Amino acid sequence: MGTHIPEGDAVMAAPGATAPTRPHEARHTPVSAFVRRIFGYLPRADQQRTAETYLRGLLSAPGRKTVRQMAQTLCPASPNTSQSLQQFISSSPWDWLPACAGLALLAAENRPVEAWTSSMVVVEKRGEHTVGVHRRYVPDAGRTLNCQVGIGLFVVSGTACVPVAWRLVMDEKWFGEEQRERARIPDSAHYRSAPAHLLEMVDWLARLRISHPVPLVVTRPLSADARPVADRLSERGLPFVLAVHPGQPVTHASPTRPDAPQQPLAAHRLTSPAGEPRTVTLGPRGALSTPVRLPGARRAPRTYLLVTEHATGGHWLTNLPAHRLDEVLDHIGRSALTSATVRTLEQDFGLLDFQGRSFPGWHHHTTMASAAYHYRHLHTPPHGTPAPGAVLEGLAR
């Protein structure tokens, strides 16, 4: 089982996986064929069968997608189903990364990839024993919460935004010997910040070569200072649009005095109407934009574009050229699409319903929830209503 992203193309070849689904076949794929496509690399037949059962449970069980609820929905007369599902998710030592690679390749098959997006998921928890739980200040809540934090990576094609990978963000306390043993955290896993997790996932997705380089849209600020992520993405040659905190330190990049020292200001002050004269452009949809640099860079600072949305007041940092502000705003709009996908994963596919305490279990469950979302998406026409009988037909086969 690996927690690091493997180098090269190791995750692209999944032994036992079936051939790619043709576009005209996608909306008629039964669950069993879908499982063979995504989980065919699992070495044992019983693992593949349980993966199919778990996927069917996520697709059909009402309410919370707990192991007990799914077992009761699928096999109410079998006392062993719940135990089998629990063991498959929390204890079975299968690697989830080939399944994630299969989902990413599947997402890119039928329509060109237009963007990658990322979003954080915060789950408030009681107690301290659930894997990854720690106290963290959550800006959306305006307070410090005892919570579990996940970060997801998504692929956008047209109006479709589908999840392809997840990482659990844990603080340092989880990497002591006792905590590792209790939560089954492998030795290969080490403390990483949310930005570091994102960069690793982006590198992994780039190695799959599912598309030419497309903009990465990060829908929520990952840290108080976006400079490390912005600089490292720029070094990789990847275009991006990053949500930043209103207090993000920036300096105005004056086109007339490029070498003049500038006093750092918070992002929300730089694009405010008041204050000293600056180059602030009123763009389409009432957006304000201005060229900025990020203080603290060790090398010659790069020039980025700071964009403030009129409608939401949100602040975004991008390395896309200023003359493409319309495109920047289109990418910003994909944050709402990603948020809608996350809500659907939470409400319909049990993203937040994992009750186990193991590190592999959390990643197994989020991978299965992503797979369930993909399967439902295959059987949903462009206008968003499931094709008549398609999902039920697939479940019955």
Side-chain angles (χ1 to χ4, degrees), residues 1-2 5-6 9-23 25-60 65 70 74 84-85 88-89 92-111 113 152-155 157 160-167 201 204-205 207-211 341 344-345 348-351 354 360-380 390-391 393-397:
M1 170 177 51
I5 302 300
D9 298 329
V11 296
M12 297 184 66
T18 61
T21 303
R22 297 183 181 90
E25 295 175 342
R27 302 198 184 283
H28 304 285
T29 306
V31 170
S32 56
F34 178 83
V35 169
R36 287 195 300 272
R37 165 78 191 271
I38 302 301
F39 297 98
Y41 69 93
L42 293 177
R44 301 201 315 267
D46 64 304
Q47 288 178 312
Q48 295 183 36
R49 287 194 299 270
T50 310
E52 180 174 341
T53 303
Y54 201 93
L55 184 69
R56 290 176 183 274
L58 291 173
L59 290 166
S60 61
K65 315 296 184 180
M70 290 190 290
L74 296 172
S84 176
L85 294 177
F88 172 73
I89 289 296
S92 183
W94 56 275
D95 187 356
W96 55 89
L97 285 176
C100 294
L103 294 175
L105 294 167
L106 179 62
E109 274 186 6
N110 297 327
R111 299 189 64 177
V113 175
L153 191 62
F154 303 76
V155 170
S157 300
C161 176
V162 291
V164 297
W166 292 91
R167 287 291 192 92
M201 287 197 294
W204 164 77
L205 190 54
R207 286 197 296 271
L208 293 181
R209 302 185 187 94
I210 65 169
S211 69
T341 296
T344 301
L345 283 163
D348 298 341
F349 300 102
L351 182 67
F354 175 65
W362 186 90
H363 288 87
H364 289 161
H365 176 78
T366 54
T367 300
M368 294 300 304
S370 297
Y373 186 98
H374 275 253
Y375 180 79
R376 183 66 55 82
H377 174 70
L378 286 176
H379 295 81
T380 302
V391 175
E393 177 187 357
L395 287 171
R397 297 166 71 177

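Predicted model only: the values in this text are computed from it and were never measured.
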- Message: As a quick check of understanding, evaluate side-chain hydrogen bond (donor to acceptor under 3.5 Å, both in side chains) for Trp166 and Thr367, giving each step before the final call.
- Response: CA-CA 7 Å; Trp166 292 91; Thr367 300; over 6 Å; no
- Steps toward side-chain contact (heavy atoms from CB on, under 4.5 Å) verdict (Lys65, Phe349): CA-CA 7 Å; Lys65 315 296 184 180; Phe349 300 102; 5.8 Å; no
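- Checking side-chain atoms of Ser92 against main-chain N and O of Ile89 turns up no donor-acceptor pair under 3.5 Å.
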- Message: Could you walk me through whether His364 and Tyr54 satisfy the side-chain hydrogen bond (donor to acceptor under 3.5 Å, both in side chains) test, starting with their C-alpha distance in whole Å, then the side-chain angles of each, then the deciding distance to 0.1 Å, before giving a yes or no?
- Response: CA-CA 11 Å; His364 289 161; Tyr54 201 93; over 6 Å; no
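- Under the ring-ring contact (aromatic ring centres under 6.0 Å, His included) criterion, His374 pairs with no residue at all, not counting sequence neighbours.
- Screening Val162, Leu378, Asp348 for a side-chain contact (heavy atoms from CB on, under 4.5 Å) involving Tyr373 leaves a single residue, Val162.
- Side-chain contact between Leu103 and Ser370 is present, with heavy atoms from C-beta onward closer than 4.5 Å.
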- Query: After noting the C-alpha distance and the side-chain angles of Ser32 and Glu52, does the key distance pass the side-chain hydrogen bond (donor to acceptor under 3.5 Å, both in side chains) rule?
  - Reply: CA-CA 7 Å; Ser32 56; Glu52 180 174 341; 4.8 Å; no
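- Rounded to the nearest 0.5 Å, atoms OG1 (Thr53) and CG (Leu85) are 6.5 Å apart.
- Atom-to-atom distance recorded for His363:NE2 and Asp95:CG is 11.0 Å, nearest 0.5 angstrom.
- Within the 4.5 Å cutoff, the side chain of Thr341 has heavy atoms near those of the Phe154 side chain.
- Here the OG1-CZ distance, from Thr366 to Arg167, works out to 11.0 Å after rounding to the nearest 0.5 Å.
- Two residues are said to be in side-chain contact when any heavy atoms from C-beta on lie closer than 4.5 Å; Ile38 and Tyr375 fail this criterion.
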- Task: Dump the intermediate steps for side-chain contact (heavy atoms from CB on, under 4.5 Å) on Leu105 and Arg209, then the final yes or no.
- Result: CA-CA 9 Å; Leu105 294 167; Arg209 302 185 187 94; over 6 Å; no
- Message: Run Trp94 and Phe88 through ring-ring contact (aromatic ring centres under 6.0 Å, His included) and show every step you take.
- Response: CA-CA 9 Å; Trp94 56 275; Phe88 172 73; 5.0 Å; yes
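- You'll find the side chain of Leu74 reaches within 4.5 Å of the side chain of Ser60, heavy atoms only.
- Distance alone, capped at 3.5 Å, places no donor-acceptor pair between the Glu109 side chain and the Leu106 backbone.
- Between Ala372 and Leu58, the shortest heavy-atom distance links the atoms CB-CB, 3.9 Å.
- Taking the side chain as every heavy atom from C-beta outward, Leu59 and Val31 approach each other to under 4.5 Å.
- Atom OG1 in Thr50 sits 12.5 Å away from atom CG in Leu55 (nearest 0.5 Å).
- How far CG of Leu351 is from NE2 of His365: 6.0 Å, rounded to the nearest 0.5 Å.
- Gln48 CD to Tyr41 OH: the interatomic distance, rounded to the nearest 0.5 Å, is 9.5 Å.
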- Message: Leu42 vs Phe39, test: side-chain contact (heavy atoms from CB on, under 4.5 Å). Steps then yes/no.
- Response: CA-CA 6 Å; Leu42 293 177; Phe39 297 98; 4.0 Å; yes
